[in-house]
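Heads up: the structure comes next, in structure tokens.
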Protein chains: 2
Amino acid sequence: MSVSIKDIARLAGVSHSTVSRALSDSPLIRAETKSRIRRLAREMCYSPDARARSLVMGRTQTVGVVVTTVADPWVAEVVQGIETTASAHSYTVILASSDDEPEHELAAVEMLRSMRVDSVIVTSSRIGALYGEYLGRSHVPVVLLNNHSEQGGAHSFSVRVDDRHGGCLATEHLITIGHRRIAHVGGPSAHLPSLERLAGYRLALAGAGIAFDPAVVWDGTGLPDAGERALNLLLAADPRPTAIFCYNDMTAVGLLRAAHDAGLALPGDLAVVGFDDIPFAALACPALTTVAQPKFAMGQQAMDMALTLMCRRPHECDGAGAPQVTGVTDNVVQGRLVVRESSGTRRR
Amino acid sequence: MSVSIKDIARLAGVSHSTVSRALSDSPLIRAETKSRIRRLAREMCYSPDARARSLVMGRTQTVGVVVTTVADPWVAEVVQGIETTASAHSYTVILASSDDEPEHELAAVEMLRSMRVDSVIVTSSRIGALYGEYLGRSHVPVVLLNNHSEQGGAHSFSVRVDDRHGGCLATEHLITIGHRRIAHVGGPSAHLPSLERLAGYRLALAGAGIAFDPAVVWDGTGLPDAGERALNLLLAADPRPTAIFCYNDMTAVGLLRAAHDAGLALPGDLAVVGFDDIPFAALACPALTTVAQPKFAMGQQAMDMALTLMCRRPHECDGAGAPQVTGVTDNVVQGRLVVRESSGTRRR
DNA sequence: TTGTAAGCGTTATCAT
DNA sequence: ATGATAACGCTTACAA
């Protein structure tokens, strides 16, 4: 099939180990031989076989990353953070989708394990708690990024945004600018972040002495249609809320759209706050106030954690001595409130 | 390190080949032995080593997909089309980013080749013409999806949207609803699609007997900021255009945003048409009229083409007899005009 | 029905 | 400075 070091060896009249050494720039090989072999390799379009190499080296120099879907704008930025850090350490990222289905997620991880990735990062995991036992003994470090299931046990490494704090931040902002009747559209109610952001919302209300009213709190999906549906519920509520905190920006954008169609003047008739700060938030009309997650940085952190964990294992790592990670590590980062037009005063 | 068939063999008191056969459900193995081995494998958390297997089998059951960046919403849908088709044929997708840099693209393909992917799909390639020679002899089929460079030579396989026709469609629509002074913001001028969409624009103008005026045609980047900049140019133009056709939806969305800030009433003061139909197009205010690319289907087609090409190679394929592909195949699909609010009459 | 041995393309450990 | 040889984990003739 493909040209191998043996093919080169044959043509160069040397042994295949000489070729291997020449190509890895070993000082043992005579300069003349080396350059001759390298020229030959180039001419023959030689490409080293990463599988064979990894088999004997004991590592693949790859990280597996499980995402719900690449179509999610939150995912895209996180992946870029991971990829940037990975390639800076000469690691290759292998992406796998879970479609937000626990079964698919498991299949994806299993597939990555078969590929012998050196480490796995799972975003928005539905089965986070399983990994402690599951992969702990297979010695493949697993890092959770915004775990959506209950927190794992003993063997757990994760990076996540402080959802509760973020929910609090968003709601407090609405209270600060004068709102008292504040609605909330949640995300998928089984997911941890939905619960936490809701908890933050309640915390902020309580802090301001505003009674929690279940009548203006609805379940959602995290998708634009949930926002559209929520608007109808909101219009029917009595008294009608003057502000609404949405589980995420996708929901908020759907709501913005529906509010526009309903002829509401935003933010005058209704103030809206989202969560995530996806690229489109700034482009929406009105531009969306939101709690920004440091998505890129979170991806970086997760990858850094994976790198550290890999160093603890069989083969030593190359880089400078990374801090030793022991037992459980849960890296919690804070969201940042970004005030735009959808709350606050209208431009022009 | 990881548990291998030899480890299982040792514990089961059989040879490693018996284990191999048992796990691949060979009819040669006694049922009792088989189930005993399989149970053991499960208990030991055995995971087959895809690298070792692929080494002897001669194929990895993977496709490499090169994209500019996962952050591009067009990319996301295309990748999903590819992935769906791939996994239906039990292929795994390995994603690599090029950042729209020819050098990175080459590096990505080189990396995928080292991983011995069975086939490569390159989206928005900057160096499409190179692949004919480059990988033709390495026997790895390459499929181009919306090639951004000049068309490749003898050994070329591609799927692409008819950019010229799409540009024509968009412009004709604006003409049909009564516009005569129509501006255009292009994409990166070196890329083929920019040129083609512009050509379509000119074609439509010519068809309606409208003179082409370079004064209302500007270069862009394909990003929202290009749309924002274009609005200023548009406002300064004399006579001021009443409509504008944008290279893509990202550009159009940026322009929508700027127009909103400038206090323009859309589509009354300015009609806008984009290209791509990204998910956000329908959510924008006003909802964006655009030329929809069948992104998912294009991904499917590219993957189907890759599957067909792989069948022609060393190892026979599994599925039903796919049509034989010979020499050059260029699959051109037509975009579809989706009329929304940003052209045509205002809702309510 | 099972075991033995060869080989996939590397790197690494011995010799020479 | 270079060549044999073993090993990585697997599949697959070929033997038994």
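From a predicted model like this one, the values you see are computed outputs, not experimental measurements. Just so it is clear: chains get the letters A, B, ... in the order the sequence lines come, proteins before strands, and each one is counted from 1. All values below were derived from every heavy atom in this structure, side-chain atoms included, with hydrogens, water molecules and symmetry-related copies excluded.
Under the salt bridge (Lys or Arg N to Asp or Glu O under 4.0 Å) criterion, B/Asp7 pairs with B/Arg10, sequence neighbours left out. Considering only residues two or more places apart in sequence or on other chains, A/Arg39 meets the salt bridge (Lys or Arg N to Asp or Glu O under 4.0 Å) condition with none of them. With sequence neighbours left out, the side chain to side chain contact (heavy atoms under 4.5 Å, CB included) criterion links A/Glu103 to no other residue. Remark: B/Arg116 engages A/Asp49 in a salt bridge (Lys or Arg N to Asp or Glu O under 4.0 Å) (not counting sequence neighbours). Residues satisfying the salt bridge (Lys or Arg N to Asp or Glu O under 4.0 Å) test with B/Asp100, not counting sequence neighbours, are B/Arg126. With sequence neighbours left out, A/Ser17 forms a side chain to side chain contact (heavy atoms under 4.5 Å, CB included) with A/Ser15, A/Arg21. A/Ser54 meets the side chain to side chain donor-acceptor pair (under 3.5 Å) test with B/Arg51; sequence neighbours excluded. When the side chain to side chain donor-acceptor pair (under 3.5 Å) test is applied to A/Glu83, the partners found at least two apart in sequence or on another chain are B/Ser97. Judged as a side chain to side chain contact (heavy atoms under 4.5 Å, CB included), and not counting sequence neighbours, the contacts of A/Ala86 are A/Val63, A/Tyr91, A/Val93, A/Met303.
Using a 4.0 Å heavy-atom distance criterion, A/Ser47 is classed as a sugar-phosphate-only contact. As judged by a 4.0 angstrom heavy-atom cut-off over every strand, A/Leu28 is placed among the base-contacting residues.
When the C1' atoms of four end pairs are superposed on the next four at each end of the helix from C/dT1-D/dA16 to C/dT16-D/dA1, using five pairs per end, the two resulting axes differ in direction by 50°, to 10°.
Here D/dA7 presents its P atom at 18 Å from CZ of B/Arg51, a figure rounded to the nearest Å. The nearest whole Å value for the distance from the CZ atom in B/Arg59 to the P atom in C/dG9 is 15 Å. Atom CG in A/Asp7 sits roughly 12 Å away from atom C1' in C/dC8 (whole-Å rounding). Rounded to whole Å, atom C1' of C/dG9 lies 14 Å from atom CE of A/Met44. One atom, CZ of A/Arg116, and another, P of D/dC8, lie 14 Å apart when rounded to the nearest Å. Atom CD1 in A/Ile29 sits roughly 10 Å away from atom C1' in D/dG3 (whole-Å rounding). Per the geometry, CZ belonging to A/Arg10 stands 10 Å off P belonging to C/dG9, to the nearest Å. Regarding B/Lys6, its NZ atom lies at a distance of 20 Å from the P atom of C/dT2, rounded to whole Å.
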| Going 5' to 3' along nucleotides 11-16 of chain D, which nucleotides have protein heavy atoms under 4.0 Å from the base (write B), which only from the sugar-phosphate (write S), and which from neither (write -)? | BBB---
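Applying the 4.0 Å criterion to OP1 and OP2 of C/dG3, one finds that B/Thr18 has a side-chain N or O inside that range.
Residues A/His139 and B/Ser2 fail the side-chain proximity criterion, which asks for heavy atoms closer than 4.5 Å.
A/Ser158 and A/Asp330 share a donor-acceptor pair across their side chains, judged by distance under 3.5 Å alone.
You'll find that the side chain of A/Ala52 is closest to C/dG9, out of C/dG9, C/dG3, D/dT2.
Under the 3.5 Å distance criterion, the side-chain polar atoms of A/Thr18 are left unmatched by any main-chain donor or acceptor of A/Val14.
Across residues 30-40 of chain A, not one residue has a non-hydrogen atom less than 4.0 Å from an atom of DNA chain C.
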